[in-house]
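Let me begin by presenting the structure, written as structure tokens, before commenting on it.
Both ligands and their constituent atoms are indexed starting at 1 by order of listing. Only heavy atoms go into these numbers, but all of them, side chains included; no hydrogens, no water, no symmetry mates. Fair warning: this is a prediction, and the values are worked out from it, not measured in the lab. Numbering starts at 1 and runs along the sequence shown.
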Amino acid sequence: MVSGIPRTVAEELDAADPLAAFRERFVIADPELIYLDGNSLGPLPAATPEVLREVVEDGWGGGLVRSWQGWIDWGARLGDRLAEYVLGAAPGEVVISDSTSVNLYKLAAAALDAAPGRGTVLMDAEDFPTNRYIVQGLAEQRGLRLVRLPSELDGGLDLDALRAALNGDVALVVLSLVSYRSGALLDMAQVNDLAHAVGARVVWDVSHAAGAVPVDLAGSGAELAVGCTYKYLNGGPGSPAFLYVRRDLQTRLRQPVWGWYGQRDQFAMGPDYDPVPGIERFLVSTPPLVSLAAIDPALALVEEAGLARIRAKGVRLGRLADDLADSWLTPLGFRPASPRPPERRGSHLSLHHPDAWRICQALAADAKVVCDYRVPDRLRIGLSPLVTRFTDVWDALDRIRDVVAEGVYASRPADLARVT
Ligand SMILES: *Cc1c(COP(=O)(O)O)cnc(C)c1O
């Protein structure tokens with residue numbers, strides 16, 4: 001008899017779950033596999049292969065170049081849907097384009113260009129690496145002072161440190177709404193208010209929030225944001241990212257990569273760059289149409305489920321994971337590495353264990369549990385409310401307990417793989 005919460009509790013939660021049926025709308029290739037990594041790469045929606053087949057065979061194969069008549073505005077069309085259902089923004093404020101890294105560069109550079117008298121940039125010392133590197137590069141190229149705000153690995157940004165660092169010299173603050181490692185969730189409105197009070201702009205990265213946590217860009221006073229579509233939005237490996245620029249700022253900001261997709265009357269092929277007044281001025285080039293097309297059926301599932309229900313289930317899944325971790329895993333040398341309760345984080349959590357990397361490998365190889373390892377010594381568990389069942393959480397933590405209690409992971413290599 002196992003101690004702690006009996007499996008029947010998880011079974012009852014599944015039976016009462018209003019989102020339970022969404023799991024069947026995804027490809028479940030191996031029913032025994034428990035996939036807890038939808039925050040790195042969301043699973044494949046069952047409708048996506050047919051959509052891709054149509055785009056490739058009918059659109060590319062049949063329509064050839066003529067298909068661009070219909071394709072050309074897909075980034076803006078999908079951006080409007082993201083704005084409405086996922087990001088709390090208005091039509092014409094969001095567009096799909098490039099990658100998250102590139103969009104962050106574009107918007108951060110645009111914000112810096114618009115604040116020529118200011119010499120300081122703030123970032124979270126523990127932000128996702130690409131964000132830190134991009135901000136570091138911009139600061140170095142422009143001779144700006146870069147301040148790395150202290151952040152607790154497991155608790156998130158120190159708001160007092162942010163307050164103390166904000167002054168009239170700060171041009172830009174770059175932050176993630178949900179921390180990639182701990183899941184710590186910031187209060188977007190509060191941070192915007194603090195920054196705007198000294199005239200600084202914030203570029204938000206909502207990659208680990210979009211599709212899991214309701215994002216309220218308009219309601220929180222956000223001016224600029226970027227994010228990715230291949231995590232909780234299930235757009236597929238390397239699917240293009242999105243960017244948001246609040247309507248009133250669009251004509252006041254100019255991004256640094258002057259591509260023809262931002263150009264007024266694009267096919268007039270005019271001599272000089274003259275960007276459109278709307279959100280498309282933040283576009284650069286021809287979109288990766290096949291990848292872009294995969295966002296459509298994925299987004300339809302999120303729209304149908306609704307972010308409020310997705311978030312409510314995510315919190316309940318997180319609470320179950322916390323409770324099971326406390327009763328089963330803490331005695332085995334784990335400790336929580338995420339804020340609690342689950343309302344204070346996104347839809348993933350981390351657990352610290354000195355052998356986390358070897359445990360992570362053993363889980364995938366021997367126990368059919370796929371989660372993530374993140375430096376240092378953290379097992380990261382992503383809960384995707386459209387596919388993850390309460391019994392998946394119960395079974396996964398049960399398998400983690402077995403793998404650790406029986407020392408199954410001891411033979412796994414300590415050296416990190418190319419991709420972790
Ligand atoms: C996933 C993620 C990215 C991804 O960047 P790419 O340009 O797609 O490689 C960037 N920032 C954050 C915070 C992320 O979570």
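A search for ring pair (Phe, Tyr, Trp, His ring centres under 6.0 Å) contacts involving Tyr273 returns Trp258, not counting sequence neighbours.
Evaluated for a salt bridge (Lys or Arg N to Asp or Glu O under 4.0 Å) with Asp113, the options Arg254, Arg201, Arg142 yield exactly one hit, Arg142.
Counting only residues at least two apart or in different chains, ring pair (Phe, Tyr, Trp, His ring centres under 6.0 Å) contacts with residues 227-255 are absent. Residue pairs satisfying the ring pair (Phe, Tyr, Trp, His ring centres under 6.0 Å) criterion with at least one member in residues 333-382, sequence neighbours excluded, are listed as follows: His208-His348, Phe334-His353, Trp357-Tyr373.
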Are Arg389 and Asp17 close enough, and set up right, to give a salt bridge (Lys or Arg N to Asp or Glu O under 4.0 Å), and what steps lead you there?
-> CA-CA 9 Å; Arg389 294 169 296 195; Asp17 173 15; over 6 Å; no
Identify the protein atoms, limited to N or O, that lie within less than 3.5 Å of an N or O atom of ligand 1, and list each pair with its distance to 0.1 Å.
from, atom 1, to, atom 2, distance (Å)
ligand 1, 7 (O), Ser101, N, 2.9
ligand 1, 7 (O), Ser101, OG, 2.6
ligand 1, 8 (O), Tyr230, OH, 2.6
ligand 1, 11 (N), Asn131, OD1, 3.0
ligand 1, 11 (N), Asp205, OD2, 2.8
ligand 1, 15 (O), His208, ND1, 2.9
ligand 1, 15 (O), Lys231, NZ, 2.5

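Between the side chain of Trp394 and the main chain of Phe390, no donor-acceptor pair closer than 3.5 Å is present.
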